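Fair warning: this is a prediction, and the values are worked out from it, not measured in the lab. In what follows, chains are A, B, ... by sequence order, proteins preceding strands, each numbered from 1.
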Amino acid sequence: MQHTATEGYHAGAVHHEQGFLKTYVFSQDHKTIGLQYMMTALLFLFFGFTLMLLMRWQLAYPGKAIPGEAFALTPGVLGLAALLIGVVSKRKLAALVGVVFLGIAALVWYLVSDETLFPEGVMVPELYNSFGAMHGTIMVFLGVVPLAVGAFGNYVVPLQVGAPDMAFPKLNMASYWSYFFGGVVMLSSFFLPGGAANSGWTSYPPLANIATVGQTVWLFGMVLLITSSLLGSVNFIVTIVQLRANGLTFMRLPFFVWAQFVTSFLLLLAFPPLEAAGILQLMDRLAGTSFFLPSGLVISGQQLGVSGGGSPLLWQHLFWFLAHPEVYVLILPAMGIVAEVIANNTRKPLWGYKSIVYATIFLGFMSFIVWAHHMFMTGMGTVISTFFQTTTMIISIPSVIILTALVISLYGGSIRFTVPMLFALAFLPMFGIGGLTGLPLGLAPTDIHLHDTYYVIGHFHYVVAPGTIFALFAGLYYWYPKVTGRMMSERLGRIHFWGSFVCMNGIFFPMLIQGLAGVSRRLYDGGAQYSHAQGVLQWNEVMSISAFALAVFQVPFLINFFWSIKKGKKVESDNPWDATTLEWQTPTPPPHGNFTSLPEVFRGPYEYSMPGSSRDFTPQNVR
Amino acid sequence: MEHATPDAIKKHVRTYVIVFVSLMALTVVTVAISYLHLDVAAAVIVAMFIATIKGALVASYFMHLISEKRLIFMALVLTFIFFVALMALPLLGQHDTIG
Amino acid sequence: MQIPFTVAARPDTGLHNAKLGVWLFLASEVMLFGALFSSYILLRVAAPEWPHGSALLNVPLATVNTIILISSSVTMVMSWASLMLKDFSKYRRYMGLTILCGLLFLVVKGFEYGAKFSHGILPSEDLFYATYFTLTGLHGLHVVGGIIVNFYFWGPGSRMWKTEPQRFTNRVEVAGLYWHFVDLVWIFLFPTLYLL
Amino acid sequence: MQEFLGLPLDASAHGPEIDNMIGVIHWLMFALFIGWGIFFVYTLVRFRHSRQAAADTVGVKGHTSSYLEVAVALFEVVLIVGFAVPLWAKRVNAFPDEKEALIVRVVAEQFAWNIHYPGADGQFGRTDINLVTSDNPVGLDRSEAYGKDDIVTINQLNLPVGKPVIIQLSSKDVIHSLGIPLLRVKQDAIPGQMIPVWFKPVETTDEIRKKLTRTYSLQGGHDPRLSTLVAMEDYVGKDSTVIAPKGSILFEEVLSQLVEAGYTEITAGPDTPMEIACSQLCGLGHYRMRGYVFILTPEKYEEWLKEEASYLAP
Ligand code: HEA
Ligand code: HEA
Ligand code: CUA
Ligand SMILES: [Cu+2]
């Protein structure tokens with residue numbers, strides 16, 4: 001590139017001391033916003049997990065009173081500890097998290113001790129459904145996406161492209177607060193009469209149309225979350241296209257940036273149809289229209305007095321038009337993180353960088369035209385089902401290419417088994433299981449047996465939990481020293497990793513077994529009544545115990561996370577992992593404006609162990 | 001707009017006026033045709049054809065799409081493809097059902 | 001450090017940030033209205049019968065509204081052209097006209113809605129009215145949003161003209177892109193709802 | 001070939017094809033996973049830092065991986081062309097002749113399956129939602145000739161073995177899904193639509209129950225599964241009273257009596273081996289929206305029909 005990208009910069013605008021509100025709350029600095037996203041998303045992940053733990057009790061021991069004290073006390077004690085530590089040693093973050101944990105404990109206690117929700121300590125089916133819907137919603141829209149895109153994307157992308165900030169800092173702030181309020185709205189629905197939304201995260205009408213008021217609030221919450229994502233995605237695309245440092249061509253972008261780039265397009269173009277669907281469902285619920293209600297409905301013996309004529313399947317089309325691309329939104333940033341960590345810890349370039357990039361673009365494109373593989377059982381004829389089966393099989397190819405390239409990248413490396421690397425490595429086979437189990441689901445005849453069974457639950461949890469969540473953990477451990485200037489403890493990290501690895505498989509592998517046996521998902525009693533489920537029922541307890549153990553293994557992580565902020569081993573340089581990408585070529589932590597001098601890029605993202613180089617890594621900005 | 005000499009802008013303004021007049025004319029035409037009560041298929045085709053022309057005029061001249069950068073074009077083409085998929089596939093699905 | 005390319009175009013893309021940003025935003029808007037159009041078509045195709053819009057809705061009023069909105073598009077683009085010609089007072093006049101047209105559009109729309117409501121016709125009446133109210137309502141909200149933005153650039157926001165004229169012109173161009181898009185949506189809504 | 005997957009027993013004519021396909025795909029999945037897995041583990045061991053101090057940046061050369069990817073793609077083509085499309089076409093196009101088949105309507109509602117048989121005349125009576133009451137869940141017009149002899153049951157789908165069945169599926173309220181794992185059947189029941197599904201049962205319930213009969217230990221606490229099972233023979237107490245006659249459900253008290261009587265194990269089979277499991281979230285009772293399918297011999301089926309007909313007011 002001949003022209004200079006620097007002409008737009010105005011050198012050294014003065015950095016003012018700003019007040020607390022401006023610095024921590026209404027900050028427009030992408031790094032602060034990234035951290036806000038991170039903390040909020042982690043807390044939501046924790047909350048979504050807590051909901052699932054309550055459900056897992058019911059699944060393993062249907063009809064047995066829940067030890068509510070234990071469920072409320074655990075986050076309570078953790079929260080109190082964090083609060084005390086925070087107050088005593090003046091750590092604002094720990095204190096804040098302590099307060100939120102106490103809040104979660106209070107909410108759990110509020111729910112568990114409510115006689116109408118837990119008569120004699122056993123949750124009622126409505127509550128189970130509501131927890132299930134909220135677990136899905138929270139995990140996807142309030143946990144993983146904000147963490148993967150909002151947090152890592154925000155913090156890392158501008159650094160990796162050598163930009164002083166995101167292209168639109170104010171929009172960035174608006175995006176975070178829109179997300180935050182979306183989350184608050186969602187949470188508030190737990191206190192409504194009838195509780196939170198209870199029609200699944202998919203909110204299929206007519207069920208969702210006739211559901212309690214929590215569903216309306218869910219829709220409003222979704223509109224806020226969608227707004228947040230749209231603002232964010234515009235910002236990311238513009239940042240990546242416009243603010244790349246001089247010399248940083250598209251084919252020199254770190255793969256993580258590519259992943260975020262494609263992800264942003266998915267969010268940008270797939271979310272609006274869900275927003276449209278949300279508006280229509282809101283109209284149905286509030287204005288009495290019948291977009292999704294056919295004529296002649298009789299609900300509990302009463303004719304529903306609406307004009308009718310609508311189509312329940314319309315919602316499904318619009319929902320999955322978003323929700324399928326959304327699952328790639330869950331996975332692409334994770335793949336991006338894994339690629340960064342693998343290149344760094346094998347000390348060699350990624351194998352087949354270009355094919356990975358092209359595969360990702362292709363994957364993004366295809367993800368818009370596979371959605372109806374979630375709807376094979378709605379009565380599809382041969383033409384339409386053939387179309388969607390074919391596109392579904394096609395879309396698995398780029399995934400195979402990406403995974404293959406990542407696995408082959410290991411070959412010939414000098415592999416350092418650091419904690420981030422462990423998580424990144426585990427991602428590969430775990431995503432492999434999750435992805436491969438997508439194949440029988442993607443073919444309509446086999447989906448007959450597997451649709452809406454625990455096989456589906458197993459399939460996607462393998463991709464999102466030991467897949468994406470692990471990748472996110474890898475990212476946390478990997479970029480932690482950049483943010484704090486200190487390393488996280490290796491020992492605690494290893495406990496966290498191995499414990500989580502075993503437990504994750506303990507939770508999700510049996511789901512595949514149950515699913516093959518034909519056990520339906522979303523069953524309040526885990527299938528206890530069904531005769532075909534009897535042979536695999538014993539797994540319920542195994543899965544639940546694994547889930548509880550998984551929770552226990554997050555404690556070393558929590559300790560590690562907070563302890564290391566002030567007590568972790570100090571990094572010796574700005575680039576503790578000897579990495580090549582630009583985010584490591586800034587001061588630690590990066591100041592407002594990121595770079596002390598404008599970076600210029602001369603080489604590709606992963607020039608590790610280059611022959612003729614004295615060190616085993618050559619940063620991108622080295623001439 | 002890069003070649004934004006005053007003269008070029010004045011030329012633009014003339015174009016705007018022409019486009020404006022055409023839009024008005026097309027509006028009148030489309031309303032007039034609707035009073036002919038053509039059968040549904042023909043009416044849809046005519047109305048959408050005129051609307052597309054009008055839309056193209058607005059996008060090309062008022063929104064300067066005609067001289068816009070390639071990047072924006074590509075983004076819009078992508079959007080258009082997905083838009084068509086979103087239109088066509090559910091319809092096909094509704095048409096191609098069991099039984 | 002300041003964000004690059006807020007004013008000048010980046011050489012290799014030829015765009016400044018806001019321009020790319022607003023086009024991307026419009027792309028998402030295309031998908032939003034596209035989804036609603038798609039829903040409309042799906043529902044209409046499946047319906048055993050569907051009323052002819054002109055039989056139920058006030059076509060002359062809507063035609064007037066179409067003309068108003070198209071005119072506002074012209075005044076909008078003229079206001080930008082005036083800025084390009086460095087004629088600020090002309091800009092104010094054209095922008096003011098644009099806002100007025102927008103308001104007029106809403107007033108007419110209000111009469112249209114009022115006539116329906118006074119006959120007790122609400123969105124829940126049937127699918128036709130449901131789509132009519134939802135689509136025009138959402139479009140109306142977009143008009144409201146556009147008016148607010150335009151009003152800002154007409155009034156308080158126009159101070160920027162004195163300090164950073166190029167940046168201000170860019171902003172007006174970007175606001176214009178949005179406004180034309182709102183017009184464009186109406187160009188499709190009008191025949192779909194009223195004439196077919 | 002697919003036994004290890006633990007699929008439920010299969011009692012329909014088309015089932016084995018689906019099972020086969022599930023088997024084939026899983027073998028492919030295993031092959032891929034194990035292939036990659038071996039390579040993966042090998043690289044981790046071989047190229048660990050302590051063994052390989054400096055990276056060899058060239059890494060893998062050649063096109064093996066591309067061939068592999070092409071092979072996967074080809075396999076997927078085979079899956080689609082060879083299995084998926086023809087099988088699906090058979091499911092949704094190749095409906096049996098309506099004259100040969102038994103046609104039954106199933107109307108789902110929160111949380112029950114209403115089964116509507118056309119009766120002796122083979123014609124369904126008119127239904128109307130205005131007639132829906134708690135006694136008339138499908139809103140059948142009994143006053144009309146076709147409707148007079150129609151039979152309506154709740155949650156009980158009786159079918160003759162060996163005859164193709166077409167189910168016309170619909171729903172009164174929300175979306176449900178008619179899932180019958182043992183018949184490899186699943187179809188969403190969508191309000192406002194009537195969607196046909198077809199299959200041919202090839203085994204009777206009695207045969208299936210026999211196949212699923214196992215011996216269960218009565219020691220060390222009762223297996224909770226036993227509450228869904230029936231005794232497969234008469235169990236007689238010390239005083240020669242029958243504690244658990246053949247076919248009776250093994251309730252908690254019965255089990256205790258058996259243990260008292262000195263039994264240490266019992267052979268039992270599922271009471272209702274073939275069930276309809278609602279497979280789409282439909283509200284708070286979704287988990288208990290269970291129906292029973294009984295596959296009878298043709299004679300028994302006719303008998304049952306006659307019996308049901310005799311309950312109808314003349
Ligand atoms: C991140 C999320 C994610 C990802 C990446 C995927 C990936 C895929 N998914 Fe999944 N899916 C979900 C999340 C995801 N899915 C969710 C959330 C649902 C359920 C929603 C609901 O109903 O609630 C779902 C449901 C779902 C269904 C609907 C099932 C049903 O309801 O009946 C289908 C059907 O086609 C499907 C298919 C696929 C396919 C073919 C892929 C493919 O892209 C996968 C391709 C990948 C591979 C083929 C792996 C290749 C890798 C190797 C071979 C390497 C092995 C490596 C080592 C051993 C080191 N998915
Ligand atoms: C991204 C998505 C995501 C993720 C990550 C998870 C994670 C988990 N899920 Fe979830 N799940 C869904 C999305 C997800 N799920 C969806 C969409 C559904 C369908 C809902 C529906 O039916 O509508 C579902 C349904 C679902 C079911 C089926 C319920 C049913 O059908 O009735 C089950 C059952 O066990 C389950 C279990 C779990 C478990 C045990 C985890 C565990 O892996 C959780 C692990 C969590 C962590 C490891 C969190 C770690 C975080 C911290 C420790 C916080 C630290 C905090 C600070 C530092 C401040 N899930
Ligand atoms: Cu009916 Cu679930
Ligand atoms: Cu999908």
| task | Would you sort out whether B:L89 and A:F321 count as a side chain to side chain contact (heavy atoms under 4.5 Å, CB included), showing the intermediate values? | result | CA-CA 11 Å; B:L89 291 172; A:F321 188 88; over 6 Å; no
When rounded to the nearest 0.5 Å, the distance separating CE of A:M377 from CD1 of B:I98 is 8.5 Å
Between B:D96 and A:V383 the two heavy atoms that sit nearest each other are OD2-N, 2.9 Å
To the nearest 0.5 Å, atom CE of A:M380 lies from atom CD of B:Q94 at 12.5 Å
### Task
Evaluate the side-chain proximity of A:F368 to B:L86: yes if any heavy-atom separation is below 4.5 Å, no if none is.
no
Value for CZ (A:F365) from CD1 (B:I81), rounded to nearest 0.5 Å, stands at 4.5 Å
Okay, A:L269 and chain B: the region with an atom under 4.5 Å from a heavy atom over there is side chain
CZ (B:F82) and CG (A:L268) are apart, to the nearest 0.5 Å, by 10.5 Å
With the side chain counted from C-beta on, respond yes when A:L314 and B:P90 share a heavy-atom pair under 4.5 Å apart, and no when they do not.
no
* **Other residues, nucleotides, ligands: >12 heavy atoms within 6.0 Å of A:F250 CZ** => yes
**Asked** More than 12 foreign heavy atoms under 6.0 Å from CZ of B:F20: is that the case here?
**Response** yes
